[in-house]
Chemist: 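Submitted below is the structure of interest, expressed as structure tokens.
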Amino acid sequence: LLLGLETIAKEMEANSAAGCRAGIGHFRKQATAAGVLHDTETLSADMGLEALRRAREARAFDFSIYCPPADDLDKVLAETLILMSGRPVLVLPDGHRGALDRAVVAWDGSPAAARAMNDALPLLQAAGSVEVVTVSGDKPIDRSAPRSHAVRHLLRHGIQADSREIEPGGLTTGIALARYLKAQRAD
């Protein structure tokens, strides 16, 4: 028997909403200062269905920015945006401030990965360093378009990039990438 569960749930929801408002406020301030046309929306919904809806919506935008809280263990939204939107997704670490220093391109050789990487060229050109990463084993990788081709494409656009394959260790591609980004302190 858990006494006060309703009160605990309401407190958690209030804390989450406050954090969300603060994050949106910071984003609006930074985007406005940078002269970036932007839009935000706050909602509460089933995460799996909402992630799919957001991925579909993202197809009509230049790119998506996702900044999960440091303690967020549910990477459904990031994984769904990355794999289902067909658009670039900029995953920033919690509390990120400032310039794009270390960019990581998730590459599986698919048409969606090629489109997303190409669409992200302006962001990648502004980054301090770029790395093209493939997660092996979780899903089929199109070997006819290896990472070396992606690296060569970036080089043609003046972007020097490193290349790496990572093992998922039994995790999904999205979670393996999220952990890699955190370990590498990528933006």
Side-chain angles (χ1 to χ4, degrees), residues 11-45 47 49-107 112-133 150 154 157-162 173-187:
E11 286 175 7
M12 290 178 72
E13 188 172 326
N15 289 339
S16 176
C20 182
R21 285 190 300 275
I24 287 173
H26 177 73
F27 170 77
R28 286 180 177 157
K29 182 179 176 182
Q30 295 294 317
T32 300
V36 174
L37 180 63
H38 61 280
D39 191 18
T40 62
E41 183 179 354
T42 304
L43 54 98
S44 177
M47 198 57 192
L49 295 175
E50 188 55 35
L52 187 55
R53 185 175 83 79
R54 289 295 172 180
R56 288 179 180 140
E57 278 184 356
R59 295 173 188 161
F61 291 89
D62 294 331
F63 63 92
S64 296
I65 299 173
Y66 179 59
C67 183
D71 60 350
D72 184 2
L73 298 178
D74 184 2
K75 304 295 185 215
V76 172
L77 181 57
E79 184 172 338
T80 305
L81 281 172
I82 290 166
L83 298 176
M84 304 284 293
S85 72
R87 307 300 288 165
V89 179
L90 182 59
V91 181
L92 297 173
D94 186 40
H96 177 78
R97 305 280 189 276
L100 182 61
D101 184 41
R102 296 196 61 202
V104 174
V105 175
W107 182 259
R115 277 190 308 274
M117 181 179 70
N118 199 65
D119 291 347
L121 286 174
L123 293 172
L124 299 173
Q125 288 167 332
S129 68
V130 177
E131 184 176 31
V132 178
V133 174
L154 292 173
H157 290 275
I159 302 166
Q160 181 70 40
D162 294 322
T173 296
I175 292 173
L177 279 171
R179 288 192 178 173
Y180 180 77
L181 294 173
K182 185 175 183 177
Q184 297 300 310
R185 297 181 183 211
D187 295 320

Chemist: With sequence neighbours left out, which residue pairs that include part of residues 115-131 fulfil the side chain to side chain donor-acceptor pair (under 3.5 Å) condition?
Modeler: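 Side chain to side chain donor-acceptor pair (under 3.5 Å) check on residues 115-131 returns Arg87-Asp119, Asn118-His153, Glu131-Arg164, Glu131-Tyr180.
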
Chemist: To the nearest 0.5 angstrom, please state how far the CG atom of Leu177 sits from the CD atom of Gln184.
Modeler: 11.5 Å

Chemist: Report the distance from atom CG of Leu124 to atom CG of Leu154, rounding to the nearest 0.5 Å.
Modeler: 6.0 Å

Chemist: Quick one: which of Thr80, Leu83, Ile82 gives a side chain to side chain contact (heavy atoms under 4.5 Å, CB included) with Val89?
Modeler: Ile82

Chemist: Mind checking the CD-OG spacing from Glu57 to Ser64? Nearest 0.5 Å is all I need.
Modeler: 9.0 Å

Chemist: Return the CZ to CD1 distance between Arg28 and Ile24, rounded to the nearest 0.5 Å.
Modeler: 6.0 Å

Chemist: Of all residues at least two apart in sequence or in a different chain, which pass the ring-ring contact (aromatic ring centres under 6.0 Å, His included) check with His38?
Modeler: Phe27

Chemist: Under 4.5 Å between any side-chain heavy atoms of Asp162 and Val130, yes or no?
Modeler: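 No, side chains not in contact.
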
Chemist: What is the distance from atom OG1 of Thr32 to atom CG of Leu37, rounded to the nearest 0.5 Å?
Modeler: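 It comes to 9.5 Å.
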
Chemist: I need the minimum non-hydrogen distance between Ala116 and Pro88, along with the two atoms involved.
Modeler: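 For Ala116 versus Pro88, the nearest heavy atoms are O-CG, 3.3 Å.
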
Chemist: Of all heavy-atom pairs between Ala55 and Met84, which one has the smallest distance, and what is that distance?
Modeler: CB-CB, 3.8 Å

Chemist: I need the Gln30 CD to Ile65 CD1 distance, nearest 0.5 Å.
Modeler: 11.0 Å

